[in-house]
Engineer: 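Below is the structure I would like to discuss, written out as structure tokens.
If you're wondering where the values come from, they're calculated on a predicted model, not measured in any experiment. Quick note on labels: first sequence line is chain A, next is B, and so on, each numbered from 1.
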Number of protein chains: 2
Amino acid sequence: MPESIAHSISKMKSDCQCENCVLRNLIFAHVPETDADVLCEVKKEKKFKKGEIIIEQGAPISDFFYIKSGLVKLSKVSDQKRNYIITIAKPHDYINLLTIFHEKEYAYTMTALEYTEICIFPLNLIIDLTLKHGNFALGIIKKASKTSDAIIDKFIKHNSRNLRGRIAMTLLDFSLSIYKSHIFELPISRKEIAELIGMTTENVIRILSEFRKEDIIKINGKEIEIIDFDRLKMIFDHG
Amino acid sequence: MPESIAHSISKMKSDCQCENCVLRNLIFAHVPETDADVLCEVKKEKKFKKGEIIIEQGAPISDFFYIKSGLVKLSKVSDQKRNYIITIAKPHDYINLLTIFHEKEYAYTMTALEYTEICIFPLNLIIDLTLKHGNFALGIIKKASKTSDAIIDKFIKHNSRNLRGRIAMTLLDFSLSIYKSHIFELPISRKEIAELIGMTTENVIRILSEFRKEDIIKINGKEIEIIDFDRLKMIFDHG
DNA sequence: ATATCTGTATGATATTTATCAGTTCATGAT
DNA sequence: ATCATGAACTGATAAATATCATACAGATAT
């Protein structure tokens with residue numbers, strides 16, 4: 001067997017093997033095997049170190065990204081030159097959101113917050129499959145629109161809370177949704193927390209200190225331990 | 001010819017005749033005539049008076065809405081029991097946004113801000129066509145995702161502006177995007193403006209008065225005339 | 001006509017949040 | 001080793017915004 005064929009077969013077999021991959025399962029459920037194989041074959045995987053930029057706001061859209069592992073920050077410079085973090089994406093998220101369907105340029109800068117593996121597919125191939133296979137399209141829309149709606153919801157939640165409420169919200173979010181532990185290492189700086197929830201760095205620091213003094217959390221650099229969940233929840237609820 | 005058939009033919013002919021209808025044109029471009037006819041036949045049109053609620057947040061999703069004419073407010077009660085206006089939708093907007101693709105209940109209350117005509121389609125029929133006709137699906141996604149992204153952008157713009165900048169933004173928006181005139185009748189109360197851009201009613205009133213005293217606008221009840229566009233733009237730009 | 005309500009309006013004051021200034025601490029560069 | 005740099009931190013003060021109180025006009029009900 002010529003090496004090239006052997007190689008391509010091994011590639012097919014090895015490339016889409018993550019059993020918990022949401023995208024893979026969507027593809028396998030709704031796309032005929034031949035198409036699915038093509039997709040898996042052209043798939044590229046890229047690894048990013050903590051802090052590395054995956055794609056920059058304004059770059060022409062050419063690919064569809066899927067987070068295999070790691071954590072990705074989506075940020076954007078506002079028309080007022082202020083930096084905003086839109087959301088922090090987790091494994092199995094499509095980090096392009098819906099922008100790819102109607103824009104020519106990536107709307108957000110994506111940065112790896114920790115060691116991150118990204119699966120990359122040519123966008124036109126994804127679009128082709130979207131056009132050919134309705135259920136695949138619907139699956140993509142469902143997940144992407146859920147993310148978009150969650151972002152809108154996050155903004156509403158922020159805007160109806162004071163600073164303490166927002167910090168409480170952020171800590172609860174990291175603890176419950178991302179790390180699923182009462183103790184975790186913050187993946188972002190105080191400045192970035194400020195950019196995530198729209199306040200100043202000084203006040204992020206100040207309020208974290210307050211929470212520490214009130215025995216709600218323990219702080220050790222970037223390590224946070226939530227010791228009084230109920231109080232934090234209360235501050236979130238009625239802050 | 002039996003009356004029922006005559007009726008249904010006249011219905012077919014009369015029901016989807018708006019030449020500038022974005023949805024109609026999307027359908028006619030990508031859906032075979034037989035399917036398109038079914039869609040136009042089951043279409044219902046409903047008229048709402050100013051102030052009437054079209055659908056309430058939390059109601060089970062059953063229909064796809066399209067604004068034929070008028071103006072619709074999308075609002076939501078936050079988890080803090082505070083009312084938020086997400087956006088104001090114009091003719092040719094799909095006011096369900098993307099929520100319909102992944103939720104069971106409408107996420108937002110939709111209220112007519114003026115006399116409004118809504119075209120209503122059973123959601124499952126739209127989903128069927130989405131599954132069968134890729135280009136139709138893509139068209140729906142493109143428009144809906146554009147709206148979602150615009151809402152996210154609106155939040156970022158608000159959050160990086162002070163109150164004067166936000167009011168300027170709102171006035172410019174009404175003038176340029178909605179009424180395309182320097183003089184227009186505000187379709188919402190001062191309280192609703194406050195809910196749209198996240199501030200208090202008193203401050204909305206106060207800042208409108210400031211703008212009036214600074215000869216930037218003229219106010220006559222709900223009627224606003226922008227007399228100094230450049231100043232307003234400046235306040236928007238660097239407020 | 002009177003009462004009542006809601007929206008608009010304005011001023012005084014309180015509260016929240018941002019800004020500014022300065023310290024410490026860790027980190028990487030020279 | 002020391003120097004610069006940036007992040008974390010704190011306090012004092014300024015600025016922005018919300019809250020509270022009050023008034024008044026217009027609409028609606030009694």
Engineer: When all nucleic acid strands are considered with a 4.0 Å heavy-atom cut-off, which category describes A:Ser209: base, sugar-phosphate, or nothing?
Structural biologist: sugar-phosphate
Engineer: Is there a donor-acceptor pair under 3.5 Å between the side chain of B:Thr116 and the backbone N or O of B:Glu114?
Structural biologist: yes
Engineer: How many Å lie between CG on B:Asn162 and C1' on C:dA18, as a whole number?
Structural biologist: 12 Å
Engineer: Take atom CD of A:Glu210 and atom P of C:dT17, then tell me their distance rounded to the nearest Å.
Structural biologist: 10 Å
Engineer: In whole Å, what is the span from the CD1 atom of A:Ile167 to the C1' atom of C:dT17?
Structural biologist: 13 Å
Engineer: Report yes if the SG atoms of A:Cys21 and A:Cys16 are separated by under 2.5 Å, and no otherwise.
Structural biologist: no
Engineer: Applying side chain to side chain donor-acceptor pair (under 3.5 Å), can you list everything that pairs with A:His102, at least two apart in sequence or on another chain?
Structural biologist: B:Asp149
Engineer: Would you call B:Thr87 and B:Tyr108 a side-chain contact if the rule is heavy atoms closer than 4.5 Å?
Structural biologist: no
Engineer: Using atom CD of B:Glu192 as one end and atom C1' of C:dG7 as the other, report the distance to the nearest whole Å.
Structural biologist: 11 Å
Engineer: If I take atom CD in residue B:Glu223 and atom C1' in nucleotide C:dG7, what distance separates them, rounded to the nearest angstrom?
Structural biologist: 17 Å
Engineer: Using residues 212-221 of chain B as the side-chain source, report each donor-acceptor pair under 3.5 Å to any protein atom, sequence neighbours left out, with the distance given to one decimal.
Structural biologist:
residue: B:Glu214; atom: OE1; partner: B:Arg164; partner atom: NH2; Å: 2.9
residue: B:Glu214; atom: OE1; partner: B:Arg231; partner atom: NH2; Å: 3.3
residue: B:Glu214; atom: OE2; partner: B:Arg164; partner atom: NH1; Å: 3.1

Engineer: Please confirm whether the backbone N or O of A:Ser177 pairs with a side-chain atom of A:Lys180, one donor and one acceptor, at under 3.5 Å?
Structural biologist: yes
Engineer: Rounded to the nearest Å, what distance is computed from the CG atom of residue A:Leu163 to the P atom of nucleotide C:dT17?
Structural biologist: 4 Å
Engineer: For the pair made of CZ in A:Arg82 and C1' in C:dT17, what is the distance, rounded to whole Å?
Structural biologist: 11 Å
Engineer: Can you list everything that forms a side chain to side chain donor-acceptor pair (under 3.5 Å) with B:Asp79? Sequence neighbours excluded, please.
Structural biologist: A:Arg161
Engineer: Output one letter per nucleotide in nucleotides 19-25 of chain C: B when a protein non-hydrogen atom lies under 4.0 Å from the base, S when only the sugar-phosphate is that close, - when neither is.
Structural biologist: BB-----
Engineer: Could you tell me which residues satisfy side chain to side chain donor-acceptor pair (under 3.5 Å) with B:Glu202, sequence neighbours excluded, listed by chain and number?
Structural biologist: none
Engineer: For residues 175-208 of chain A, pull every pair meeting ring-ring contact (aromatic ring centres under 6.0 Å, His included), keeping only residues two or more places apart or in separate chains.
Structural biologist: A:Tyr179-A:Phe184
Engineer: So if I take the C1' atoms of five pairs at each end of the helix from C:dA1-D:dT30 to C:dT30-D:dA1 and get each local axis, what angle do the two axes make, rounded to 10 degrees?
Structural biologist: 30°
Engineer: Using the test side chain to side chain donor-acceptor pair (under 3.5 Å), find all partners of A:Arg190 that sit at least two apart in sequence or belong to another chain.
Structural biologist: none
Engineer: Check whether any side-chain N or O of B:Arg212 sits under 4.0 Å from OP1 or OP2 of C:dT10, and answer yes or no.
Structural biologist: yes
Engineer: List, with names and distances, any nitrogen or oxygen atoms from the protein found under 3.5 Å away from nitrogen or oxygen atoms belonging to nucleotides 4-6 of chain C.
Structural biologist:
none

Engineer: B:Leu23 versus B:Phe121: any side-chain heavy-atom pair under 4.5 Å?
Structural biologist: yes
Engineer: First and last nucleotide of DNA chain D touching chain B, 5' to 3', heavy-atom cut-off 4.0 Å?
Structural biologist: D:dT17 to D:dC20
Engineer: Using a 3.5 Å distance criterion without hydrogens, assess whether the side chain of B:Asn203 forms a donor-acceptor pair with backbone atoms of B:Thr200.
Structural biologist: no
Engineer: With sequence neighbours excluded, give me every side-chain hydrogen bond (donor to acceptor under 3.5 Å, both in side chains) pair touching residues 57-67 of chain B.
Structural biologist: B:Tyr66-B:His92
Engineer: Sorted by first residue and then second, give each ring-ring contact (aromatic ring centres under 6.0 Å, His included) pair with at least one member in residues 209-239 of chain B; sequence neighbours left out.
Structural biologist: none
Engineer: In this structure, how many angstroms lie between the P atom of C:dG7 and the NZ atom of B:Lys222, rounded?
Structural biologist: 8 Å
Engineer: If you look at every strand shown and take non-hydrogen atoms under 4.0 Å, does B:Ile205 touch a base, only sugar-phosphate, or nothing?
Structural biologist: base
